[in-house]
Student: 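Take a look at this one; I'll ask things after.
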There are 2 protein chains.
Amino acid sequence: MVASTQKVSEPTSSWDPYARGCPSRDVLDHIGSKWAVLVLGELGRHGACRFTRLRQELAGVSEKMLTQTLRTLERDGLLVRTVYPEAPIRVEYELTPLGQTLRGPLKALTEWSVQHIEEVLDAREEYDDRTAKRS
Amino acid sequence: MVASTQKVSEPTSSWDPYARGCPSRDVLDHIGSKWAVLVLGELGRHGACRFTRLRQELAGVSEKMLTQTLRTLERDGLLVRTVYPEAPIRVEYELTPLGQTLRGPLKALTEWSVQHIEEVLDAREEYDDRTAKRS
DNA sequence: CTGAATCCTTAAGGATACTG
DNA sequence: CAGTATCCTTAAGGATTCAG
């Protein structure tokens with residue numbers, strides 16, 4: 001389904017996450033959300049994953065949130081859900097080619113959070129001290 | 001580099017956003033949140049900004065959420081808030097050196113959302129069609 | 001095993017009014 | 001101008017139970 005040249009009414013350059021109702025803002029919100037970053041990251045590192053593995057890997061995620069996150073990402077075309085009708089049933093999630101293009105940007109973000117966390121923690125301490133001495 | 005002579009209680013490699021209580025997960029959540037991405041993006045493109053400009057630029061943001069987002073980012077050491085006690089008062093927000101290091105990663109993310117939005121919209125349509133025909 | 005469905009509690013977020 | 005404070009509504013999210 002390469003239906004690419006259908007609606008030409010909306011040129012690419014008009015999409016703007018700074019605009020009120022722009023869908024790019026929604027997408028940005030989806031891919032930047034708490035669990036989505038980690039789901040996409042794990043699928044990027046490991047390849048196809050089962051539901052249970054993801055739940056273990058994303059320590060602390062509830063089944064509800066994991067399912068919800070996976071559905072959103074599937075609907076956005078970032079991952080595919082494959083059911084293997086064995087017994088017991090097996091379901092695997094895997095990045096689509098579109099999802100693959102997010103690996104770089106998201107990896108950069110998670111790595112940033114690890115590499116600069118100490119600076120952030122220091123900044124917080126300094127901020128709290130500075131604002132606490134309101135006497 | 002092998003961070004040697006500081007607090008050795010917590011080696012850098014131990015921070016992991018996939019772990020339950022890790023602060024890197026919080027930070028990742030902060031910088032990936034709906035309005036923070038846009039605030040940091042605007043400050044990255046434009047430089048120092050006043051409150052009102054940010055509110056206009058981030059179409060649809062409420063004063064409450066903007067203030068809240070700015071406070072969080074300030075506490076994390078990503079931006080500085082400077083008050084000019086003129087009349088009327090003027091307040092400017094600007095990225096810190098630490099905040100600057102986020103420009104690249106976040107720019108990549110917002111650009112992704114613009115460049116691939118059509119693919120996402122197509123995927124959604126296809127998903128909705130596929131799941132709607134449950135008859 | 002992989003969820004869907006329900007209930008329930010907390011947090012997010014908008015609207016409005018008011019202050020230095 | 002740049003917020004703070006308050007109220008209120010909605011949404012997020014956890015816990016639990018049940019089903020294919």
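In what follows, chains are A, B, ... by sequence order, proteins preceding strands, each numbered from 1.
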Student: Please collect all ring-ring contact (aromatic ring centres under 6.0 Å, His included) contacts where either partner lies in residues 70-117 of chain A, sequence neighbours excluded, each pair once.
Tutor: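 Non-adjacent pairs meeting ring-ring contact (aromatic ring centres under 6.0 Å, His included): Trp112(A)-His116(A).
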Student: Can you tell me how far C1' of dA12(C) sits from CE of Met65(B), to the nearest Å?
Tutor: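 Value for this atom pair: 7 Å.
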Student: Distance check needed: dC1(D) C1' versus Tyr93(B) OH, whole Å only.
Tutor: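 In whole Å, dC1(D) C1' lies 11 Å from Tyr93(B) OH.
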Student: Compare every heavy atom of Val37(B) with every heavy atom of Tyr18(A), then report the nearest pair and how far apart it is.
Tutor: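 Closest approach of Tyr18(A) to Val37(B): OH-O, 4.3 Å.
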Student: Could you check which residues of residues 33-59 of chain B get a heavy atom under 4.0 Å from DNA chain C? Sort them by number, please.
Tutor: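 Contacts with DNA chain C under 4.0 Å: none.
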Student: Can you name the residues that form a salt bridge (charged side-chain N to carboxylate O under 4.0 Å, His left out) with Arg71(A), not counting sequence neighbours?
Tutor: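 By the salt bridge (charged side-chain N to carboxylate O under 4.0 Å, His left out) rule, Arg71(A) matches no residue at all.
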Student: Can you list everything that forms a side-chain contact (heavy atoms from CB on, under 4.5 Å) with Glu111(B)? Sequence neighbours excluded, please.
Tutor: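 So Glu111(B) forms a side-chain contact (heavy atoms from CB on, under 4.5 Å) with Lys107(B), Gln115(B).
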Student: CD of Gln68(A) versus C1' of dG13(D): gap in Å, rounded?
Tutor: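 Between C1' of dG13(D) and CD of Gln68(A): 8 Å.
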Student: Going by salt bridge (charged side-chain N to carboxylate O under 4.0 Å, His left out), name the residues that satisfy it together with Glu94(B), two or more places apart in sequence or in a different chain.
Tutor: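 So Glu94(B) forms no salt bridge (charged side-chain N to carboxylate O under 4.0 Å, His left out) with any residue.
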Student: Kindly state which residues belonging to residues 18-30 of chain A come within less than 4.0 angstrom of DNA chain D, counting heavy atoms of the residue only, listed by number.
Tutor: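 The answer is none.
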Student: Which protein N or O atoms sit under 3.5 Å from an N or O of nucleotides 4-10 of chain C?
Tutor:
residue, atom, partner, partner atom, Å
dA4(C), OP1, Arg71(A), NH2, 3.2

Student: Arg103(B): what forms a salt bridge (charged side-chain N to carboxylate O under 4.0 Å, His left out) with it, not counting sequence neighbours?
Tutor: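 None.
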Student: Can you give me every donor-acceptor pair (side chain of residues 28-35 of chain A, partner residue at least two apart or in another chain, under 3.5 Å) with its distance?
Tutor:
residue, atom, partner, partner atom, Å
His30(A), ND1, Asp76(A), OD2, 2.7
Ser33(A), OG, His30(A), O, 3.0

Student: Suppose we screen for side-chain contact (heavy atoms from CB on, under 4.5 Å). Which residues come up paired with Lys64(B), at least two apart in sequence or across chains?
Tutor: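 Lys64(B) satisfies side-chain contact (heavy atoms from CB on, under 4.5 Å) with Ser62(B), Gln68(B) once adjacent residues are dropped.
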Student: Any side-chain heavy-atom pair from Leu58(A) and Met65(A) closer than 4.5 angstrom?
Tutor: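 Not touching, per the 4.5 Å side-chain cut-off.
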Student: Taking OH from Tyr84(B) and P from dA2(D), how many angstroms apart are they, rounded to a whole number?
Tutor: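 After rounding, the reported distance stands at 12 Å.
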Student: Starting at CG of Leu70(B) and ending at P of dT4(D), how long is that distance when rounded to a whole Å?
Tutor: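 To the nearest whole Å, that distance equals 10 Å.
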Student: Test of understanding: with side-chain contact (heavy atoms from CB on, under 4.5 Å), list the residues that count as partners of Ala19(B), not counting sequence neighbours.
Tutor: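 For Ala19(B) the side-chain contact (heavy atoms from CB on, under 4.5 Å) partners, ignoring immediate neighbours, are Asp16(B), Cys22(B).
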Student: Under the salt bridge (charged side-chain N to carboxylate O under 4.0 Å, His left out) test, which residues partner Glu119(A), sequence neighbours left out?
Tutor: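 Per chain and number, Glu119(A) pairs via salt bridge (charged side-chain N to carboxylate O under 4.0 Å, His left out) with no residue.
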